[in-house]
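Just so we're on the same page: letters track the sequence lines, and every chain starts at 1. The structure presented is a predicted model; accordingly, all values stated were derived computationally and were not measured.
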Protein chains: 2
Amino acid sequence: MQTEDCIFRALADPSRRAIFERLTLGEAAVKDLTARFAISQPAVSQHLAALRNAGLVRARREGRLVYYEVEPRGLSPLVDWISNYQAFWKERLQRLEQLLEKMEP
Amino acid sequence: MQTEDCIFRALADPSRRAIFERLTLGEAAVKDLTARFAISQPAVSQHLAALRNAGLVRARREGRLVYYEVEPRGLSPLVDWISNYQAFWKERLQRLEQLLEKMEP
DNA sequence: ACTTCATATAAGTCGTTGCTTATACATTGG
DNA sequence: CCAATGTATAAGCAACGACTTATATGAAGT
């Protein structure tokens with residue numbers, strides 16, 4: 001859980017991404033999400049479980065309602081993954097700059 | 001094609017992500033990838049097609065060999081998506097984006 | 001306690017996907 | 001031209017994933 005794999009798979013589904021994007025605007029209860037999206041309540045709950053399993057959202061119970069909100073640092077594994085390949089561009093950029101320097105004189 | 005959806009789906013598969021990560025180390029022909037990964041050559045070709053369809057890699061034919069390499073700006077839709085929904089990382093990502101901008105021919 | 005409302009889980013269905021083998025296409029060398 | 005090599009596509013299959021309906025759990029009001 002909470003691995004890159006989970007995150008990529010969680011965000012690969014359009015419905016789930018839409019739910020996540022909705023949650024970035026602010027917390028919402030399951031019934032709100034169910035009302036807004038054209039899928040059944042169990043489908044919403046399943047999507048939320050996948051997002052939570054990926055560490056992207058967290059749940060808070062309040063009476064009968066369960067509010068979901070974005071986990072603030074949930075996307076950082078994704079950012080880290082991308083940043084790992086920053087080295088790829090850095091290296092290429094350096095080579096390019098070296099080339100330009102040699103052409104300078 | 002080349003939409004967020006494609007990119008997320010492309011990177012959701014571990015084998016495909018591994019191939020992409022290998023390509024960030026440098027270009028490789030299909031036969032090299034086939035030798036390195038424990039899946040058949042058609043499977044590799046199919047993964048490469050998915051990555052290319054997502055705009056993450058590009059192919060160059062050289063004789064009978066087909067070399068695949070990372071598309072430099074391929075990850076930027078992902079970066080854009082993240083920065084849209086997580087203002088917290090915007091600064092860090094902007095640095096990455098600036099790096100990518102410099103790669104533009 | 002019973003009913004109602006909100007959510008989660010179970011079970012089943014159906015389309016998708018990642019793999020395989022077999023085959024077609026493309027390029028090079030004899 | 002033919003054989004060999006490298007890659008892509010086709011067809012089929014087993015596993016997975018996203019959805020459904022039905023049911024279980026949990027909490028509040030009467």
Are any non-hydrogen side-chain atoms of A:L65 and A:D32 less than 4.5 angstrom apart?
no

Rounded to whole Å, CZ of A:R52 lies from P of C:dT7 at a distance of 13 Å

Classify the nucleic acid contact of A:A49 as base, sugar-phosphate or nothing, counting any heavy atom under 4.0 Å across all strands shown.
nothing

The single option from A:L56, A:T24, A:D80 that satisfies side chain to side chain contact (heavy atoms under 4.5 Å, CB included) with A:L75 is A:L56

When every nucleotide of nucleotides 21-30 of chain C is labelled 5' to 3' by its protein contacts under 4.0 Å (heavy atoms), B for base, S for sugar-phosphate only, - for none, what sequence of letters results?
BB----BB--

Is there a side-chain contact between A:I39 and A:H47 in this structure, where contact means two heavy atoms from C-beta onward sitting under 4.5 Å apart?
yes

Using a 4.0 Å heavy-atom cut-off, does B:S15 contact any base of the nucleic acid, only the sugar-phosphate backbone, or nothing at all?
sugar-phosphate

Quick one: on DNA chain D, does A:R16 or B:D32 contact a more 5' nucleotide (nearest heavy atom)?
B:D32

Donor-acceptor pair, distance only, cut-off 3.5 Å: does the side chain of B:R61 make one with the backbone of B:G63?
yes

Under 4.0 Å, counting only non-hydrogen atoms across every strand here, what does A:Y68 touch: a base, just sugar-phosphate, or nothing?
sugar-phosphate

Does anything in residues 1-10 of chain B pair up under salt bridge (charged side-chain N to carboxylate O under 4.0 Å, His left out), and if so which pairs, sequence neighbours excluded?
A:R17-B:D5, B:D5-B:R9

With rounding to the nearest 0.5 Å, note down the distance linking CD1 in A:I82 to OG in B:S76.
10.0 Å

Does some side-chain heavy atom of B:R58 sit less than 4.5 Å from a side-chain heavy atom of B:V70?
no

Expressed in angstrom and rounded to an integer, what is the separation of A:L65 atom CG from C:dC5 atom P?
13 Å

Bounded by its outermost nucleotides with an atom under 4.0 Å from a heavy atom of chain B, the footprint on DNA chain D reads D:dA4 to D:dA10

Between C:dT20 atom P and B:F37 atom CZ, what is the distance in whole Å?
14 Å

Less than 4.0 angstrom from a charged side-chain N to a carboxylate O is my criterion; do B:R52 and B:E71 meet it?
no

Rounded distance [0.5 Å steps], CZ in B:F8 versus CG in A:D13
11.5 Å

May I have the distance from B:D13 (atom CG) to C:dT17 (atom P), rounded to whole angstrom?
11 Å

Whole angstroms only, please: what is the CD-P distance between A:E27 and C:dT7?
12 Å

